[in-house]
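Take a look at the structure set out below.
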Number of protein chains: 2
Amino acid sequence: MSRTAPRGPYKPGRIRQKSEQRILSAATAAFAQHGFTGASMQSIADAASVPKANVHYYFKNKLGVYTAVLENILGLWDTVLNDLTINDDPAIALCRYIDAKIDFSRTHPEESRVFAKEMLSGAPHLQEFLEADYGQWLDARLTIFRAWIDAGKMDAIDPAHLLFMIWGSTQHYADFAPQVKQSLHAEILQQAHFDAAAKTVKQVILKGCGLAIASP
Amino acid sequence: MSRTAPRGPYKPGRIRQKSEQRILSAATAAFAQHGFTGASMQSIADAASVPKANVHYYFKNKLGVYTAVLENILGLWDTVLNDLTINDDPAIALCRYIDAKIDFSRTHPEESRVFAKEMLSGAPHLQEFLEADYGQWLDARLTIFRAWIDAGKMDAIDPAHLLFMIWGSTQHYADFAPQVKQSLHAEILQQAHFDAAAKTVKQVILKGCGLAIASP
DNA sequence: ACAAATCTTGTCTATTTGGTCAAGTTTTTA
DNA sequence: TAAAAACTTGACCAAATAGACAAGATTTGT
């Protein structure tokens with residue numbers, strides 16, 4: 001019982017996991033701010049406090065780092081609307097989704113920015129994802145929305161465009177942060193700002209869809 | 001009357017104006033796709049069909065090109081809401097604004113992307129604009145919105161967040177084009193897609209604000 | 001027509017950057 | 001504890017790139 005350091009048992013890959021995490025975190029910030037070409041391996045290494053050669057030990061090359069960052073982001077893809085059924089209340093579902101999206105902009109702004117920059121560049125590294133996972137996910141959600149409309153549970157609103165509205169409105173708070181800060185006269189965006197944002201988006205979207213505000 | 005070429009009289013700067021325009025246009029596309037660092041002077045020159053040294057003849061350096069691109073974009077800033085007064089009908093004003101914004105995404109997607117990337121990078125070259133022109137423009141608009149609300153012309157909705165919703169929703173069609181294309185199963189976005197987008201956004205925003213759809 | 005201004009372009013250079021490598025150090029396993 | 005595996009690191013290199021520059025060509029004003 002002489003060990004005081006509260007670390008788990010040594011295993012191959014334990015150091016790897018931690019180092020990769022550090023590098024990935026630094027890379028996410030770098031890519032978010034400077035883009036793929038603008039973020040240098042040296043700057044990523046410095047931000048992660050490791051020698052540059054170390055980055056190349058854990059990742060094949062710069063594209064490897066970038067791909068890992070992107071995959072990590074896709075892993076954060078929200079699951080709020082995943083188990084949606086026709087029997088769900090659209091008001092509650094939309095509220096939950098908007099809250100989750102706003103919360104993502106607050107807690108993962110840099111991931112949101114990397115994703116946005118990739119989109120702006122034409123999403124060359126997301127084609128596979130868009131055509132496979134995302135395409136399926138979306139089509140299933142659209143089906144539910146249409147069923148809600150057919151059942152008279154909400155106004156007849158094009159579901160795809162409605163989702164774009166929610167995405168655009170919520171991602172705005174991460175992606176256009178400088179503009180938002182200036183508009184709200186805030187040095188940094190506080191929880192209260194995000195709460196107000198979520199409230200407004202829910203208010204407009206729900207009423208705009210012919211739904212009453214849901215409590216939970 | 002022997003001149004057949006329909007060109008105006010020669011003046012110093014006539015060539016300059018044309019060349020700068022070509023370069024600026026090529027640079028906009030390059031910056032939109034590859035970002036500031038990723039777009040090389042050589043690629044810009046090639047796209048503009050001029051030798052690279054020629055780009056340096058017309059612009060001081062790369063930052064000079066980029067600044068010119070940004071200023072050109074700010075010059076396209078919409079004027080739809082400029083002459084807004086308390087006596088205007090909010091429904092008509094919002095409709096016009098949404099239409100104009102969607103139309104901008106359709107006709108100037110690359111300019112929208114350059115602007116978005118600059119925002120994502122923290123807007124280092126837009127601070128001045130945000131604090132001066134934009135700040136004033138916005139505050140004046142917000143005042144009108146609040147007056148409308150106080151007059152009972154529309155629901156009590158935070159005007160700043162409402163504008164964010166409109167911006168986010170409309171810019172989405174230029175900035176997240178790959179995702180939109182995939183969602184709509186469209187190779188390229190047609191006029192009809194933008195019409196549907198505008199219709200949905202107007203439908204949701206107006207009703208969400210407690211306004212009836214306006215005809216003009 | 002002629003001089004001055006404007007414009008064009010090939011070439012050269014200093015710097016940055018992604019990536020390699022081999023020699024060392026630490027951690028794990030047996 | 002000793003060999004093996006995993007990890008660290010400084011030094012080095014080839015390629016790409018922003019920018020400078022000078023000489024030449026074209027256009028403009030007189």
Side-chain angles (χ1 to χ4, degrees), chain A residues 2-31 33-70 124-125, chain B residues 2-31 33-70 124-125:
Chain A
S2 60
R3 264 277 159 60
T4 55
R7 53 183 168 179
Y10 280 95
K11 282 181 206 160
R14 197 186 61 88
I15 294 175
R16 167 172 286 266
Q17 189 180 356
K18 198 172 140 195
S19 292
E20 283 183 353
Q21 188 50 53
R22 288 167 61 85
I23 295 168
L24 240 42
S25 177
T28 302
F31 287 135
Q33 186 165 18
H34 302 107
F36 177 76
T37 319
S40 73
M41 293 294 268
Q42 187 65 62
S43 74
I44 293 173
D46 290 348
S49 298
V50 302
K52 189 183 66 157
N54 217 332
V55 179
H56 279 93
Y57 174 75
Y58 286 108
F59 298 92
K60 184 171 175 252
N61 51 26
K62 193 179 185 181
L63 186 58
V65 178
Y66 184 69
T67 303
V69 166
L70 272 188
H125 303 101
Chain B
S2 61
R3 263 277 160 58
T4 55
R7 52 182 168 179
Y10 280 93
K11 282 181 206 161
R14 197 186 62 88
I15 295 175
R16 167 174 286 266
Q17 188 178 357
K18 198 172 140 194
S19 292
E20 283 183 354
Q21 188 48 55
R22 286 167 62 85
I23 294 168
L24 239 42
S25 177
T28 302
F31 287 135
Q33 186 165 19
H34 303 107
F36 177 77
T37 320
S40 72
M41 293 295 267
Q42 186 67 63
S43 74
I44 292 173
D46 290 348
S49 299
V50 301
K52 189 183 65 156
N54 217 333
V55 179
H56 278 93
Y57 173 73
Y58 286 108
F59 297 93
K60 185 171 174 251
N61 51 27
K62 194 179 184 180
L63 186 58
V65 178
Y66 184 69
T67 303
V69 166
L70 273 188
H125 303 100

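Just so we're clear, the structure is a prediction, and the values are computed from it rather than from any experiment. Values reported hereafter were calculated over all heavy atoms of this structure, with side chains retained and with hydrogens, waters and symmetry mates removed. So you know, we letter chains A, B, ... as the sequences are listed, proteins then strands, and number each from 1.
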Can you name the nearest heavy-atom pair linking B:Lys62 to B:Thr37, along with the distance? NZ-O, 3.3 Å
Given D:dT9, C:dT8, D:dT8, the nucleotide with the shortest approach to the side chain of B:Ile15: C:dT8
B:Tyr57 OH - C:dT8 P separation (whole Å): 8 Å
Salt bridge (Lys or Arg N to Asp or Glu O under 4.0 Å) partners of residues 42-59 of chain A, not counting sequence neighbours, each pair once: none
Applying side-chain hydrogen bond (donor to acceptor under 3.5 Å, both in side chains) to A:Gln33 and not counting sequence neighbours gives none
In whole angstrom, give the distance that lies between atom NE2 of B:His34 and atom P of D:dA16. 15 Å
Classify the ring geometry of A:Phe36 against A:Phe31: parallel below 30°, tilted from 30° to 60°, perpendicular beyond 60°. parallel
For residues A:Val65 and A:Met41, determine if any side-chain heavy atom of one lies less than 4.5 Å from a side-chain heavy atom of the other. yes
Between C:dT9 (C1') and B:Tyr58 (OH): distance, integer Å: 12 Å
Are OP1 or OP2 of D:dA6 and a side-chain N or O of A:Arg16 less than 4.0 angstrom apart? no
CD of A:Gln17 versus C1' of D:dA6: gap in Å, rounded? 15 Å
Can you tell me how far P of D:dT9 sits from CD1 of A:Ile23, to the nearest Å? 11 Å
B/S/- along nucleotides 18-25 of chain C (protein heavy atoms under 4.0 Å) is BBBB----
When the distance from CZ of A:Phe59 to P of D:dC7 is rounded to whole Å, what number comes out? 12 Å
Report the distance from atom CD of A:Gln21 to atom OH of A:Tyr58, rounding to the nearest 0.5 Å. 12.5 Å
Rounded to the Å, how far apart are A:Asn54 CG and D:dA11 P? 16 Å
